[in-house]
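Structure first, then comments.
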Protein chains: 2
Amino acid sequence: MKSILLLLSTFFIFISESLSQSNTSQQAQKFVIVLHGGVGTISKSMPDSLKAQYLNSMAEALTIGKKILQQGGTSLDAVEKVVRYLEDDPMFNAGKGAVYTADGSHELDASIMDGRNLSCGAVASVRNIKNPISLARLVMEKTSHVLLVGDGAESFGKKMNVEFVPNNYFDTPRRYEQWLNFNKQEIKGTVGCVALDIYGNLAAATSTGGMVNKMPGRVGDSPIIGAGTYADNQTCAVSCSGKGELFIKHSVAYSIAALMKYKNYSLKEAANEIIREKITQGDGGLIAVDKDGNYIITYNTSGMFRGAANSSGLFEIKIWE
Amino acid sequence: MKSILLLLSTFFIFISESLSQSNTSQQAQKFVIVLHGGVGTISKSMPDSLKAQYLNSMAEALTIGKKILQQGGTSLDAVEKVVRYLEDDPMFNAGKGAVYTADGSHELDASIMDGRNLSCGAVASVRNIKNPISLARLVMEKTSHVLLVGDGAESFGKKMNVEFVPNNYFDTPRRYEQWLNFNKQEIKGTVGCVALDIYGNLAAATSTGGMVNKMPGRVGDSPIIGAGTYADNQTCAVSCSGKGELFIKHSVAYSIAALMKYKNYSLKEAANEIIREKITQGDGGLIAVDKDGNYIITYNTSGMFRGAANSSGLFEIKIWE
């Protein structure tokens with residue numbers, strides 16, 4: 001119990017330190033970063049030690065992104081690096097810690113989008129790429145394509161010299177247990193990040209292991225530009241989490257941008273309307289930031305792992321509320 | 001030359017016959033069907049025999065769809081059957097006749113959507129499925145997923161007992177030639193169909209072999225709901241053709257529906273604005289039909305293979321103009 005308290009107190013000290021760092025920062029320009037680690041039925045009776053692990057991990061990830069933005073880095077770098085950290089952390093359903101497919105292996109999806117010019121890249125159904133989000137970025141930057149899947153995506157990864165791992169690298173006892181006791185109320189994990197940098201550029205990134213027990217080859221919304229991820233400097237950057245099929249059929253990420261562009265909705269109005277009207281109760285949520293630095297975190301599940309920081313000193317990590 | 005003239009005259013007789021059939025039809029309820037066989041740099045100096053083959057094939061396909069709708073069939077059946085016919089025809093870049101990838105093989109993508117309830121299904125990067133559009137429909141109807149890719153999609157196809165073919169079934173001398181002499185001005189082939197049935201239900205379907213010389217694993221807009229295909233009874237049904245990456249980054253198919261829903265644009269205004277403002281000259285087009293039976297065919301390439309028929313007797317096949 002002592003170790004748990006120590007972890008929790010470290011976390012709270014860490015937050016307030018980040019706040020004071022931000023307040024004394026020389027950087028006057030505005031930046032915002034928001035991350036998520038998935039939505040779902042997240043029990044409030046989760047052991048304190050586990051809760052602390054989640055909070056600590058998200059705080060670490062958020063700090064990585066915040067520092068990049070604070071030091072004048074781009075939103076594109078920030079969202080990639082944050083998602084990469086979350087992929088490497090076995091707590092979340094993306095990269096290491098990805099859920100199991102129906103045949104007991106792992107297939108990963110990711111996408112990234114640059115709001116400056118709508119450049120985007122994605123990979124789906126990859127099995128041996130340690131960091132799908134970085135391969136998605138390479139698809140965006142090094143090919144004329146947007147989406148590469150399966151073996152073709154892996155061959156491209158080889159050419160790009162990205163890190164390969166055997167599929168069982170993604171194994172974790174917790175996800176294995178979850179797969180054995182699979183039911184539809186499980187956490188709908190995904191990780192994602194959206195950011196506005198000091199240059200006024202938006203970016204979004206999303207990465208996932210998909211749904212527990214999914215059919216091999218199933219691709220959800222995470223690697224689909226317009227469904228799970230969207231970023232356009234004219235409107236907003238969005239990353240979704242939830243029942244991917246619903247997010248695809250409603251083009252959720254793009255529809256937030258469309259409501260802002262075509263109906264002059266605020267980001268908050270757009271995001272809330274889409275989640276309320278299009279996503280059935282318990283099936284998802286999203287994070288988004290607009291070109292003016294407003295952000296929203298909205299979901300209709302019992303919880304969402306998330307964090308937000310900005311240039312005005314905000315540094316917040318939450319699971320419920 | 002005699003045989004060419006015979007073919008052409010058969011075609012024109014065939015059209016006028018279809019018109020008179022339609023005029024004497026007992027069916028009072030409104031239906032509309034529009035198909036396309038791809039956009040691109042289509043030379044007007046194409047040999048008459050080749051032109052006649054295209055026109056005949058599209059007339060056959062359109063007749064299949066028209067008959068289904070005339071006899072009270074659903075728009076979903078009509079679009080699937082029309083696309084299936086075009087997949088089987090080696091003239092078009094979908095199914096038999098698909099273009100070659102950079103490694104000299106074929107990878108196919110398709111999607112279908114039911115405007116009644118936004119149900120949708122898609123497959124991408126399949127190599128041995130004779131009719132990807134029918135497998136996409138099975139994904140929609142027999143799974144809880146929307147998109148299956150690669151080997152996973154093929155395994156599902158085996159369970160569903162769909163017809164398998166060796167990858168070289170898709171070989172055609174014309175596409176092989178095209179691949180050897182690959183340049184970016186080639187036809188951007190795709191096939192698609194949209195329809196409104198007498199019950200007021202919209203549906204859309206799209207199928208393709210993708211871009212000539214694409215990287216293995218590359219997936220374009222055709223199997224992406226919201227990008228290459230969309231159908232919603234509240235607004236319209238859309239099927240796109242062109243440079244897929246552009247259609248993905250602008251969520252083109254869904255954005256037509258969004259402009260109608262959020263800005264009260266007519267179908268024509270919405271489709272023309274998106275093609276004009278989002279798709280660079282020479283890069284694509286689309287067909288769409290709205291809930292009231294208005295339809296549009298719009299493209300910024302030199303031509304588009306297409307046809308349209310409705311319950312008022314229209315039966316038209318065109319390549320240019």
Exercise. Checking B:Lys130 against B:Phe164: charged group under 6.0 Å from the ring centre and within 45 degrees of the axis?
Worked result: no

Exercise. Shortest non-hydrogen contact from A:Ser207 to A:Ala94?
Worked result: O-CB, 3.5 Å

Problem set entry | Donor-acceptor contact present, side-chain A:Asn128 to main-chain A:Val165, <3.5 Å | yes

Exercise. Is chain B contacted by the side chain of A:Thr101, its backbone, both, or neither, given a heavy-atom distance below 4.5 Å?
Worked result: neither

Exercise. Applying the side-chain contact (heavy atoms from CB on, under 4.5 Å) test to A:Tyr230, which of A:Val252, A:Leu118, A:Thr206, A:Val194 qualifies?
Worked result: A:Leu118

Exercise. Looking just at side-chain N and O atoms, do A:His106 and A:Asp171 make a donor-acceptor pair shorter than 3.5 Å?
Worked result: yes

For this session: Taking heavy atoms only and a threshold strictly under 4.5 Å, list by residue number the residues of residues 264-281 of chain B that touch chain A; give 'none' if the list is empty.
Result: B:Ile274, B:Lys278

For this session: Would you please say whether a donor-acceptor pair under 3.5 Å links the side chains of B:Ser239 and B:Thr229?
Result: no

Exercise. Under 3.5 Å, side chain of B:Asp283 to main-chain N/O of B:Gly242, donor-acceptor pair present?
Worked result: no

Exercise. A:Glu154, A:Glu107, A:Lys263: which one forms the most heavy-atom pairs within less than 4.5 Å of chain B?
Worked result: A:Lys263

For this session: Below 4.5 Å from any heavy atom of chain A, which atoms of B:Asn117 appear? Answer side chain, backbone, both or neither.
Result: backbone

Problem set entry | Contact winner vs chain A - B:Ser255, B:Gly226, B:Ala253, B:Ala227, heavy-atom pairs under 4.5 Å | B:Ser255

Exercise. A:Lys214 versus chain B, heavy atoms under 4.5 Å apart: side chain, backbone, both or neither?
Worked result: both

Exercise. Looking at A:Asp232, A:Asp103, A:Val219, A:Thr143, which one has more heavy-atom pairs under 4.5 Å with chain B than the rest?
Worked result: A:Val219

Exercise. Can you tell me if CD on B:Gln234 sees more than 12 non-hydrogen neighbours from other groups inside 6.0 Å?
Worked result: no

Exercise. Between atom SG of A:Cys236 and atom NZ of A:Lys291, what is the distance when rounded to the nearest 0.5 Å?
Worked result: 10.0 Å

Problem set entry | Residue A:Asp151 excluded, over 12 heavy atoms near CG under 6.0 Å | no

Exercise. Between A:Asp221, A:Val146, A:Ile224, which residue shows the highest count of heavy-atom pairs closer than 4.5 Å to chain B?
Worked result: A:Val146

For this session: Measure distances from A:Ile248 to the heavy atoms of chain B and classify the residue's part below 4.5 Å as side chain, backbone, both or neither.
Result: both

Exercise. Out of A:Met215, A:Met113, A:His145, A:Met211, which one racks up the most heavy-atom pairs below 4.5 Å with chain B?
Worked result: A:His145

Problem set entry | Distance-only polar pair, side chains of A:Ser144 and B:Glu245, donor-acceptor under 3.5 Å | no

Problem set entry | Side chains of A:Asn233 and A:Asn201, donor plus acceptor under 3.5 Å | yes

Exercise. What residue in B:Val139, B:Val123, B:Leu259 has the most heavy-atom pairs under 4.5 Å with chain A?
Worked result: B:Leu259

Problem set entry | Leading residue by heavy atom contact count with chain A [cutoff under 4.5 Å; candidates B:His250, B:Lys261, B:Lys249] | B:Lys249

Seminar exercise, completed: Interface check, chain A: of B:Gly152, B:Gly220, B:Ala257, B:Gly217, most non-hydrogen pairs under 4.5 Å belong to B:Gly217

